[in-house]
Amino acid sequence: MKFSNRWTLWTLRIIVLVFGSLPLFLSVAQPAAKVPRIGVVFLIGGEGEELEAFRQGLRDLGYIEGKNIVIEYRFAKGNSEQFSDLAADLVHHKVDVILTAGTAQARAIQQLTTTIPIVFAISGDPVGTGLVASLARPGRNITGLSILSPELNAKRLELLKEAAPKIARVGFLWDALVPDNKLDFEATQLAARALGLKLQSLEVRGPEDLEGAFSVAVKQRLDALVVAGGYLINSHTKRILAFETRNRLPAIHQGLWFAEEGGLMAYGVNFPDLFRRSATYVDKILKGRKPGDLPVEQPTKFELIINLKTAKQIGLTIPPNLLARADKVIR
């Protein structure tokens, strides 16, 4: 009997010891939860509002960089060949999702991977350029946000005509290496015909082409300019604005910052807001959604900025009804 009681006591002690230490054993044995890794690769940028807006979008969704999310940054500083190498490096490291900006950049990443999800923050016409199958169902491993650039360039021409009713010959300054811009030019050409305007193509492919485009504008005695977007155009903002002011040319731009920095007018989408919204796509993908099933988001808010300082400088009076519709007037 004593032996039986002693045996029972030791058995109980062993059970308590084993099961008491089981939670500690399991906590040590279980692997730590995987921290998702986001690859961010831009042709340009890294220090601007757009990237910070993306980070803020992630923070709003509960992601804290370095704690429950890791972001791998790659910036090509305008070098397209380097961009492909940097994107390939992210693919090699098997990040969970890749964020990029424009159509050409997203297309370059598509050629590198068919499995890693891709989110583009800016695309002028993702369907027209073949980036996605449709807005509702992009297909493959890609989705993102569109800026509706063909439609908006037509609208820009209408606004320019309203601001300067006497114009007859308008130049369209565009970067031919940006896939969306050809569609932008075609849409603007149709709008020009409807408005009774003659549209002159001012096509550029590199910085050295800008002076040639300016010379054509002067030689053809153009009355105004519509300026498309893209790395080349955006990286020569001051040079383009100086030409417009020097020749007293009314102009409207895709990039809102052009009006902030001295351009007459700008009409379009707020780029930082698009990058902030792109964080929602990253979040959904990390939670298991397939990018090809996530509809491409189209903007619902467009901003019109008018710079009255520039209007005065080039001798133009902006109609009051147009000023009343502006989201921002720089006086």
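One-based numbering along the sequence shown. Note: hydrogens, waters and symmetry copies are ignored here, and every other heavy atom, side chains too, is used. A quick note: this is a predicted structure, and the numbers were derived from the prediction, not measured.
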Donor + acceptor pair across side chains of [X], [Y] (<3.5 Å):
X: Asn141; Y: Thr114; value: no
X: Ser123; Y: Ser146; value: no
X: Ser149; Y: Asp184; value: yes
X: Arg169; Y: Gln200; value: no

Provide the closest heavy-atom pair for [X] versus [Y] in the form atom of the first, atom of the second, distance.
X: Ala121; Y: Leu145; result: O-CB, 3.5 Å
X: Glu260; Y: Ile305; result: OE2-CD1, 3.9 Å
X: Asp283; Y: Leu61; result: CB-CD1, 3.7 Å
X: Leu322; Y: Leu159; result: CD1-CD2, 3.9 Å

Listed by chain and number, what are the ring-ring contact (aromatic ring centres under 6.0 Å, His included) partners of Tyr63, not counting sequence neighbours? none
Worked verdict on Lys182 versus Glu186 for salt bridge (Lys or Arg N to Asp or Glu O under 4.0 Å): CA-CA 6 Å; Lys182 186 176 185 296; Glu186 292 169 355; 2.6 Å; yes
Report the distance from atom OG1 of Thr280 to atom CD of Glu297, rounding to the nearest 0.5 Å. 6.0 Å
Nearest 0.5 Å please: distance from the CD atom of Glu244 over to the CG atom of Leu241. 5.5 Å
Walk me through whether Leu90 and His93 qualify under side chain to side chain contact (heavy atoms under 4.5 Å, CB included). CA-CA 5 Å; Leu90 290 175; His93 283 87; 5.9 Å; no
Looking at residues at least two apart in the chain, or sitting in another chain, which of them share a salt bridge (charged side-chain N to carboxylate O under 4.0 Å, His left out) with Arg221? none
Residue set satisfying salt bridge (charged side-chain N to carboxylate O under 4.0 Å, His left out) with Arg239, at least two apart, ordered chain then number -> Glu211
Start with the C-alpha distance between Asp96 and Lys34, add both sets of side-chain angles, then the distance that settles salt bridge (Lys or Arg N to Asp or Glu O under 4.0 Å), and finish with yes or no. CA-CA 11 Å; Asp96 296 292; Lys34 179 187 174 185; 3.0 Å; yes
Using the benzene-type ring in the case of Trp, are the ring centres of Phe275 and Phe42 under 6.0 Å apart? yes
